[in-house]
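Data first, discussion second: the structure below is written as structure tokens.
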Amino acid sequence: MMIQLRFLPLNKLPNGVVRFHRSVSPNFQVQNPNFATTLITRVSPPSHYTTAFMGTKVSAMVLDGKSVAEDIRDKLTIEISRMKNKFSVVPGLAVILVGERKDSATYVENKKEACESVGINSYEVCLRQDCREEEILKHISRFNDDPSVHGILVQLPLPSHINDRNILNAVCIEKDVDGFHPLNIGRLAMSGREPLFVPCTPKGCIELLRRYNVNIKGKNAVVIGRSNIVGMPASLLLQREDAAVTVVHSRTKNPEEITRQADIIISAAGKPNMVTASWIKPGAVLIDVGINPVEDSTDPRGYRMVGDICYEEACKIALAITPVPGGVGPMTVAMLLLNTVTSAKRIHKCN
Ligand code: GUN
């Protein structure tokens, strides 16, 4: 029997809940003994929890991105209200969507709804698939000059006839809440330099590890994928946290063997269920960035979303794992809101 335990970060424990400890992989030096190694249960634990200690296999802890993101959004709502009352400043995010990709339209819709829910003003421009590069640049320039806009996001990928380097270069770095401007990425890569913004998905991955007190320093981390949006900045961020980082990508000769050495895996390959049991070291912490549709006739939509990591296999081996959905996705959105609020505070000098 496999028991799935849902672990909450420290600030989310409901009243009357205590924690019982279980042993963990020696690979992990747990900074806060209240956390990574702990099991949450009631004061009088139900019998099946007790059996978890008596030989029944305990499944990996779930790194609950949805819950952490909610906490971040709650705090941002309060902060935005304070900014409004004290400084008459309302953060604003401008989003540019080009083309008719359904996934991009959904992401943009989620971002807009999230802005609304915390009190950030959002501005949206939707352009046709065949629009000219100059048209996108015109809107970016307008948003660069607009004092009510503190963050500018151009949803990627762009249609193939658009040169995305020209587009990303055009966003002024003080409003580059995606952190994709080469100056921000360059600063992220250099020690002793601070980017104005860190890309939202990798930032969300590290924040999730931090909230669950997973120690990164000195650990072997493997990043699967080398995209500009996730893989590359995730590897830079992990290095800044003093991990020993290896990047595995589509041309890597022995990805399985390399990944099996990792204490921490961040997977952003975009390949459903690619990381199976044999890729995973027992006790590893797994962050799954993949959101891949797979056919599922039992789902009313005819498909469901799965990650890059085969959850059913991984949860029997790993110390901790992010679910898909409900792991990294909500953290990405929360980091975008946070970057937008940080930007508004920096521009208007309200602290
Ligand atoms: N497409 C996929 N992820 C992202 C993201 O974080 N930002 C933007 N702008 N586009 C994306």
Side-chain angles (χ1 to χ4, degrees), residues 65 69 72 93-115 120 122-127 129 133 136-137 139-140 143-144 149-160 162-173 175-182 184-185 188 195-208 223-237 266-271 287-293 305 307-308 322 324-325 327-340 342-343:
I72 293 167
L93 175 69
V95 181
I96 300 176
L97 174 66
V98 185
E100 283 94 40
R101 277 182 69 118
K102 262 185 124 176
D103 56 349
S104 291
T106 305
Y107 292 140
V108 165
E109 197 51 40
N110 289 345
K111 288 168 185 176
K112 269 172 43 196
E113 276 174 27
C115 282
I120 293 175
S122 69
Y123 310 91
E124 188 185 9
V125 170
C126 294
L127 299 171
Q129 173 78 18
E133 197 170 295
I136 309 175
L137 292 170
H139 286 288
I140 293 175
F143 288 135
N144 279 342
V149 170
H150 308 98
I152 303 169
L153 179 152
V154 183
Q155 187 65 28
L156 302 176
L158 288 165
S160 56
I162 305 286
N163 182 336
D164 55 14
R165 270 175 298 175
N166 294 341
I167 302 300
L168 299 180
N169 286 350
V171 175
C172 92
I173 64 162
K175 299 187 179 185
D176 175 36
V177 285
D178 255 333
F180 293 161
H181 192 287
N184 275 322
I185 290 284
L188 183 67
L196 291 176
F197 301 98
V198 171
C200 301
T201 301
K203 182 173 174 168
C205 296
I206 301 295
E207 181 62 18
L208 202 49
V223 177
I224 307 178
R226 53 178 164 172
S227 69
N228 287 341
I229 296 178
V230 186
M232 178 268 289
S235 68
L236 296 176
L237 268 182
I266 296 184
S267 184
K271 297 259 184 303
I287 306 290
D288 196 344
V289 180
I291 312 176
N292 311 294
M305 292 300 185
D308 294 347
T322 57
V324 176
V328 174
M331 290 299 294
T332 297
V333 178
M335 293 301 107
L336 175 65
L337 303 177
L338 177 60
N339 281 354
T340 306
T342 304
S343 178

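As a basis for the values below, the full set of heavy atoms in this structure was taken, side chains included, without hydrogen atoms, waters or symmetry mates. Counting convention: from 1, in listed order, for ligands and their atoms alike. Just so you know, these numbers come straight off a predicted model, no measurement behind them.
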Dump the pairs for me: ligand 1 N or O, protein N or O, distance under 3.5 Å, to 0.1 Å.
from, atom 1, to, atom 2, distance (Å)
ligand 1, 1 (N), Gln155, NE2, 3.2
ligand 1, 1 (N), Leu156, O, 2.9
ligand 1, 7 (N), Asp178, OD1, 3.1
ligand 1, 7 (N), Asp178, OD2, 3.3
ligand 1, 9 (N), Val154, O, 2.8
ligand 1, 9 (N), Asp178, OD2, 2.6
ligand 1, 10 (N), Leu156, N, 3.0

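- Ser235 is not listed as a side-chain neighbour of Pro202, based on a closest heavy-atom distance of 4.5 Å or more.
- Contact record, Val289 with Cys205: CG2-SG, 3.9 Å, taken as the closest heavy-atom pair.
- Across every non-hydrogen atom of Ile140 and Ile96, the tightest pair is CG1-CD1, 3.8 Å.
- Listed here is the closest heavy atom pair of Asn339 and Phe197: O-CE2, 3.3 Å.
- Put simply, OG1 on Thr332 and NZ on Lys111 are 8.0 Å apart, with the number rounded to the nearest 0.5 Å.
- Closest non-hydrogen pair, Leu208 versus Gly65, comes out as CD1-CA, 3.9 Å.
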